> 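Take this structure, written in structure tokens, and hold onto it; I'll ask about it next.
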There are 2 protein chains.
Amino acid sequence: MSETEQLPAWCPGDGWCSITATTALVGKKWHPVIIHRLLANGPLGFNDLQEEVDGISSKVLSESLDDLEEKRVVSRTIVSEKPVRVEYSLTDLGASLEPVIFALADWGEQHLEPVEEEAASVV
Amino acid sequence: MSETEQLPAWCPGDGWCSITATTALVGKKWHPVIIHRLLANGPLGFNDLQEEVDGISSKVLSESLDDLEEKRVVSRTIVSEKPVRVEYSLTDLGASLEPVIFALADWGEQHLEPVEEEAASVV
DNA sequence: CGGTATCCTCATTGATACTG
DNA sequence: CAGTATCAATGAGGATACCG
């Protein structure tokens, strides 16, 4: 119980797990995509973001953003223009997720991407 | 609607998204951890795996493994020894997830890990 | 050892509508 | 534009027990 030092670096504690910890933050269904879009397309307004994500409802987007904000991954900025806009962007913590998001996207590209032909039958 | 080629490589189609595709495969709560353990500790039997994962019930582990098997990420091998054992291991596809899993673990390490001191106050 | 079978609860989503 | 309110539906996850 006291020899955590013999364990590999990627799995430190007895109970604690870096994977579990990470997925607890960004493991929700839409979180990776949202972060991805913010990473790629810079700060976005609510509706712009919703269009980027494709398929998400305003309710779920709102909840997701609340969650990500609470976890200090996303920051919400009210831009006092006219009319007032809101801008969602990544915090430094959020931006630091780039390798993770990139790994997800990359793997999907390389291993799943395919089937533009099949898509034709679906329309 | 026809100019998908102007989009960056990591976000190809109009509807299709590599992130969404990837998380559809490994986005379930326990999947990354399970893959991580198989990645790290080689083939494992059911109960061994359950102990590695820590906190998962046999039911959920079973369901997760079924799912991962169906998705060709994990393979189940019956070892005809005596008594019969079962070995779970990663397929080539599963093994190819290493960068993703590693990214998750790595990020957790670097950004979440700490707070052994704070833990004392929670107990 | 390697699982299933139940049952139950909570979290997440989806659809829709409405608001300032 | 940027959300919130409601409500229904799904389903993932947990506890426990049991089986070959």
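Residue numbers begin at 1 in each chain, while the letters A, B, ... track the order of the sequences. A quick note: this is a predicted structure, and the numbers were derived from the prediction, not measured.
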> In whole angstroms, how far is the C1' atom of D/dG11 from the NZ atom of A/K28?
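In whole Å, D/dG11 C1' and A/K28 NZ are 14 Å from each other.
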> In Å, rounded to the nearest 0.5 Å, how long is the span from CH2 of A/W30 to CD1 of A/I35?
14.0 Å
> Under 3.5 Å, is there a donor-acceptor pair between the side chain of A/W107 and the main chain of B/S96?
yes
> Below 4.0 angstrom, N of the basic side chain to O of the carboxylate: do B/K71 and B/E69 qualify?
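Here B/K71 does not pair with B/E69 in a salt bridge, since their nearest N and O are not under 4.0 Å apart.
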> Can you give one letter per nucleotide of nucleotides 1-10 of chain D, 5' to 3': B if a protein heavy atom sits under 4.0 Å from the base, S if only from the sugar-phosphate, - if neither?
SBBBBBB---
> Would you mind reading off the bend of the helix from C/dC1-D/dG20 to C/dG20-D/dC1 from its two end axes, five pairs each, to 10 degrees?
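The value is 50°.
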> Side-chain donor-acceptor pair under 3.5 Å between B/S89 and B/S75, yes or no?
yes
> Would the distance check show the side chain of A/R37 and the main-chain N or O of A/V53 forming a donor-acceptor pair, the cut-off being under 3.5 Å?
no
> Write down the distance between CH2 (B/W30) and P (C/dA11), rounded to a whole number of angstrom.
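Rounded to whole Å, this separation is 16 Å.
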> Can you list the residues that meet the side-chain contact (heavy atoms from CB on, under 4.5 Å) rule with A/E51, with sequence neighbours excluded?
none
> Rounded to whole angstrom units, what separation is found between the CG atom of B/L61 and the P atom of C/dA5?
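B/L61 atom CG is separated from C/dA5 atom P by 16 Å.
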> Should A/K29 be listed as having a side-chain N or O under 4.0 Å from OP1 or OP2 of C/dG14?
yes
> Between the side chain of B/Q50 and the main-chain N/O of B/I56, is any donor-acceptor distance below 3.5 Å?
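Present.
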> Closer than 3.5 angstrom, by distance alone: can the side chain of A/T22 be matched with the main-chain N or O of B/A105 as a donor-acceptor pair?
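Here the side-chain-to-backbone pair does not exist.
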